[in-house]
Amino acid sequence: MKKRNIFLIIAALLISSMACLFGSSEPQPTPDIDAMTTSVAATLRAQNDQAPTRTPEQVVETPACLPLHPGRQILDLPSGFTAGVDVSAISFYDTEGNLLGEKQTPGLTRVRLNQVHIAGGISNGISGVPLLYASSEYQGIIKANIGSNIFQMDSSGEVVALSGAEGVFTIISYSAAEYTDEGYLTTIKTGEMGELAAITPQLTRLEDDVFVYNPLAVHVIEGQNQGTWFTLLKFKMSDFASMPYNGLFYYDISQNQVTEYLSTDYRIKGISPDQSLVAFGNALDSDPDADLPHFIVRDLVSCQEWIFPWNESSIRGGGGVAFSPDNQYIAWIEAGGLTIDDATQRLRISKLDQNQTTLVDSELENLTGLTGGEIPSYIAQVSWLSNHVLLLQIGVPGVENYLLVAYAPDPAFPLDPALGANQAVPLAEGKFTGFLYP
């Protein structure tokens with residue numbers, strides 16, 4: 001009840017102070033919070049019912065790029081999300097922020113997206129849905145909470161990242177690493193959740209460049225595991241907010257073959273939910289630890305590209321590019337400041353249209369509408385809850401935990417049409433750890 005009251009207070013401050021993020025000179029009437037909550041919930045449900053506008057079912061494409069793409073992943077819109085306040089448990093929420101329940105996670109390494117995976121859909125409730133997670137116990141294992149029972153699924157060694165097929169499937173992919181005198185020995189193992197212990201790692205790498213495997217997504221067709229998208233990261237830097245992930249590769253499980261889509265000279269910023277769009281920075285002919293002043297979005301099926309320059313104040317570049325489910329919008333975070341003490345952040349949101357229409361390009365001090373009048377101290381994560389609604393993980397001064405806030409940046413698709421554009425509503429506390437699917 002206390003948690004819900006916090007959200008209602010923030011929502012009340014948000015609405016009573018302004019109808020949009022950037023303020024208004026006109027006095028605003030005090031709204032009915034219950035009516036607001038009901039209206040926003042109805043709008044979120046309606047938006048979630050809208051199917052993506054670009055899916056393999058609607059657009060029959062002949063791949064024009066080389067190497068050939070395995071095909072856009074067909075995926076439902078999220079029906080909820082998960083989050084954790086600490087390593088003891090992961091909470092499940094629907095898209096309106098209603099708590100569906102929680103699952104205990106004893107031994108969880110850390111609360112982070114690439115350490116937790118929900119292996120299955122939630123149409124029949126969350127009780128029997130497996131929650132897999134990385135644990136540091138016994139030098140590294142994969143554990144699962146299924147029906148409130150904790151199982152050891154595999155002895156992995158130190159887990160780098162855990163991913164899997166989204167939706168109703170129980171197909172998992174994870175990477176592990178072990179230091180040796182010759183460098184880091186890193187592996188990827190992918191397969192059905194219940195068969196992990198009997199599977200030999202499909203990929204093994206031993207080099208002295210400190211790069212280790214980092215699985216991004218599993219590609220599935222008609223319930224069958226087709227392969228794993230992965231990148232490389234510099235090990236022991238995985239707690240950084242905007243990790244430089246290098247290269248993009250696809251492992252085809254049937255052919256036992258790895259295809260390189262981008263070399264390690266490129267920095268991966270994000271991959272779309274349908275696995276067809278990738279955002280990356282070009283590090284060619286530059287300091288390998290520095291970005292050039294732009295990033296590129298490429299359609300791996302058609303080879304269409306968009307170039308997005310960093311804001312001139314964002315001297316530290318940016319990362320964490322998130323694609324909407326319908327591939328019509330992107331959102332990302334940029335960073336400025338010469339030192340950590342004077343570091344600044346900037347939220348940017350754009351359409352992937354011909355004009356690359358900018359919806360938001362603002363420093364945190366101008367985004368007080370996200371947190372009921374307070375200047376956010378930090379934006380740690382951006383994801384898309386639906387085709388038009390962002391889920392932001394925001395640090396708020398005086399609030400111990402992160403807030404997860406639903407934000408509608410496009411004036412054409414507000415949370416509540418009666419209140420206009422740029423609305424935000426707090427949904428939950430904690431760190432975002434993934435989406436739920438029907």
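Computed from a predicted structure; not experimentally measured.
Inspection of the Glu192 and Thr170 side chains reveals an N or O donor paired with an N or O acceptor under 3.5 Å. Of the N and O atoms on the side chains of Tyr329 and Asp410, at least one donor lies less than 3.5 Å from an acceptor on the other residue. Side-chain contact, Ser324 with Asp326: a donor N or O sits under 3.5 Å from an acceptor N or O.
For the atom pair CG (Leu203) and CZ (Phe230), the distance works out to 5.5 Å, reported to the nearest 0.5 Å. Put simply, CD1 on Ile141 and CD on Gln152 are 4.0 Å apart, with the number rounded to the nearest 0.5 Å. Considering CG of Leu277 and CZ of Arg298, their distance stands at 11.5 Å, rounded to 0.5 Å. Rounding to the nearest 0.5 angstrom, the gap separating the CZ atom in Phe92 from the CG atom in Leu100 is 8.5 Å. We find the NE2-CD1 distance between His117 and Ile142 to be 11.5 Å, quoted to the nearest 0.5 Å. Here the straight-line distance linking atom CD1 of Ile330 with atom CG of Leu390 works out to 11.0 Å at 0.5 Å rounding.
Residue Glu305 qualifies as enclosed at atom CD: its count of foreign heavy atoms under 6.0 Å is above 12. Residue Asn124 places its CG atom among 12 or fewer non-hydrogen atoms of other residues, nucleotides or ligands, all under 6.0 Å distant. Around atom OH of Tyr138, no more than 12 heavy atoms belonging to other residues, nucleotides or ligands sit under 6.0 Å away.
Partner of Phe249 under the side-chain contact (heavy atoms from CB on, under 4.5 Å) criterion, out of Leu232, Thr259, Thr228: Leu232 alone. The only option from Gln345, Glu334, Glu363 that meets the side-chain hydrogen bond (donor to acceptor under 3.5 Å, both in side chains) definition with Ser314 turns out to be Glu334. Of the options Leu248, Val278, Asn114, a side-chain contact (heavy atoms from CB on, under 4.5 Å) to Leu216 is made by Leu248 and by none of the others.
At distances below 3.5 Å, not a single donor-acceptor pair connects side-chain atoms of Gln275 with backbone N or O atoms of Ile74. Proximity of a side-chain donor or acceptor of Arg205 to a complementary backbone N or O of Phe211 within less than 3.5 Å is detected. Checked by atom type and distance alone, the side chain of Ser135 never pairs as donor or acceptor with a backbone atom of Leu108 at under 3.5 Å. Between the side chain of Ser272 and the backbone N or O of Phe323, no donor-acceptor pair lies under 3.5 Å. Using a distance-only test at 3.5 Å, with no hydrogens or angles considered, a donor-acceptor pair links the side chain of Thr82 to the main chain of Gly434. A distance-only check finds no donor-acceptor pair linking the side chain of Lys431 to the backbone of Arg110 [under 3.5 Å]. Side-chain N or O atoms of Asn225 include one that pairs as donor or acceptor with a backbone N or O of Gly227 at under 3.5 Å. Distance alone, capped at 3.5 Å, is enough to place a donor-acceptor pair between the Tyr133 side chain and the Pro106 backbone. Listed for the Thr186 side chain is a donor-acceptor partner under 3.5 Å among the backbone atoms of Tyr213. A donor-acceptor pair under 3.5 Å links the side-chain atoms of Thr231 to the main chain of Asn246, judged by distance alone.
When all heavy atoms of Ser173 and Val218 are compared, the closest pair comes out as CB-CG2, 3.6 Å. The nearest pair of heavy atoms linking Asn401 to Gly430 is CB-N, 4.3 Å. Smallest separation of non-hydrogen atoms from Ala177 and Val160: CB-CG2, 3.8 Å. Considering every non-hydrogen atom in both Leu427 and Thr95, the closest pair reads CD1-O, 3.7 Å. Closest approach of Met153 and Ala197 over heavy atoms only: O-CB, 3.6 Å. Nearest heavy atoms, Gly395 versus Tyr402: N-CD2, 3.5 Å.
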request  = Go through the steps for Ser88 and Asp86 under the test side-chain hydrogen bond (donor to acceptor under 3.5 Å, both in side chains), then give the verdict.
outcome  = CA-CA 6 Å; Ser88 65; Asp86 56 45; 2.4 Å; yes
query = side-chain contact (heavy atoms from CB on, under 4.5 Å) between Ser79 and Leu436: does it pass, once the steps are laid out?
reply = CA-CA 6 Å; Ser79 56; Leu436 301 172; 4.2 Å; yes
query = Which is it for Thr357 and Asn355 under the side-chain hydrogen bond (donor to acceptor under 3.5 Å, both in side chains) test, yes or no, and what are the steps along the way?
reply = CA-CA 5 Å; Thr357 305; Asn355 299 319; 4.8 Å; no
message = Let's go through Leu132 and Lys143 carefully: what are the C-alpha distance in whole Å and the side-chain angles of both, what is the deciding distance for side-chain contact (heavy atoms from CB on, under 4.5 Å) to 0.1 Å, and is it a yes or a no?
response = CA-CA 6 Å; Leu132 278 82; Lys143 301 174 78 172; over 6 Å; no
request  = Begin with the C-alpha distance, continue with both residues' side-chain angles, and end with the deciding distance and a verdict on side-chain contact (heavy atoms from CB on, under 4.5 Å) for Tyr179 and Leu185.
outcome  = CA-CA 6 Å; Tyr179 180 76; Leu185 174 64; over 6 Å; no
query = Thr344 and Leu364: side-chain contact (heavy atoms from CB on, under 4.5 Å), yes or no, with the steps?
reply = CA-CA 8 Å; Thr344 60; Leu364 298 190; over 6 Å; no
inquiry  = Quick one, Phe435 with Phe81, criterion ring pair (Phe, Tyr, Trp, His ring centres under 6.0 Å). Give me CA distance, side-chain angles, the key distance, then yes/no.
reply    = CA-CA 4 Å; Phe435 285 118; Phe81 61 93; 7.4 Å; no
task = Apply the test side-chain hydrogen bond (donor to acceptor under 3.5 Å, both in side chains) to residues Gln224 and Gln226: give CA-CA distance (whole Å), side-chain angles for both, the deciding distance (0.1 Å), then the verdict.
result = CA-CA 6 Å; Gln224 299 300 310; Gln226 303 297 308; over 6 Å; no
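Put simply, the side chain of Glu178 does not reach to within 4.5 Å of the side chain of Leu206, judged on heavy atoms. Side chains of Val360 and Arg348 form no contact here, defined as non-hydrogen atoms less than 4.5 Å apart. Between Leu300 and Trp229, the closest side-chain pair of non-hydrogen atoms falls below 4.5 Å. In this structure, the side chains of Leu113 and Phe432 come closer than 4.5 Å at one or more pairs of heavy atoms. Val116 is not listed as a side-chain neighbour of Leu162, based on a closest heavy-atom distance of 4.5 Å or more. You'll find the side chain of Lys351 stays beyond 4.5 Å of the side chain of Gln356, heavy atoms only. Looking only at side-chain heavy atoms (C-beta outward), Gln393 and Leu404 come within less than 4.5 Å of each other. Looking at Leu75 and Pro325, their side chains never come closer than 4.5 Å, going by heavy atoms from C-beta outward.
Note: Tyr261 and His69 have perpendicular aromatic rings, judged against thresholds of 30 and 60 degrees for the angle between ring planes. Relative orientation of the Phe308 and Phe295 rings is parallel, given thresholds of 30° and 60° on the angle between their planes.
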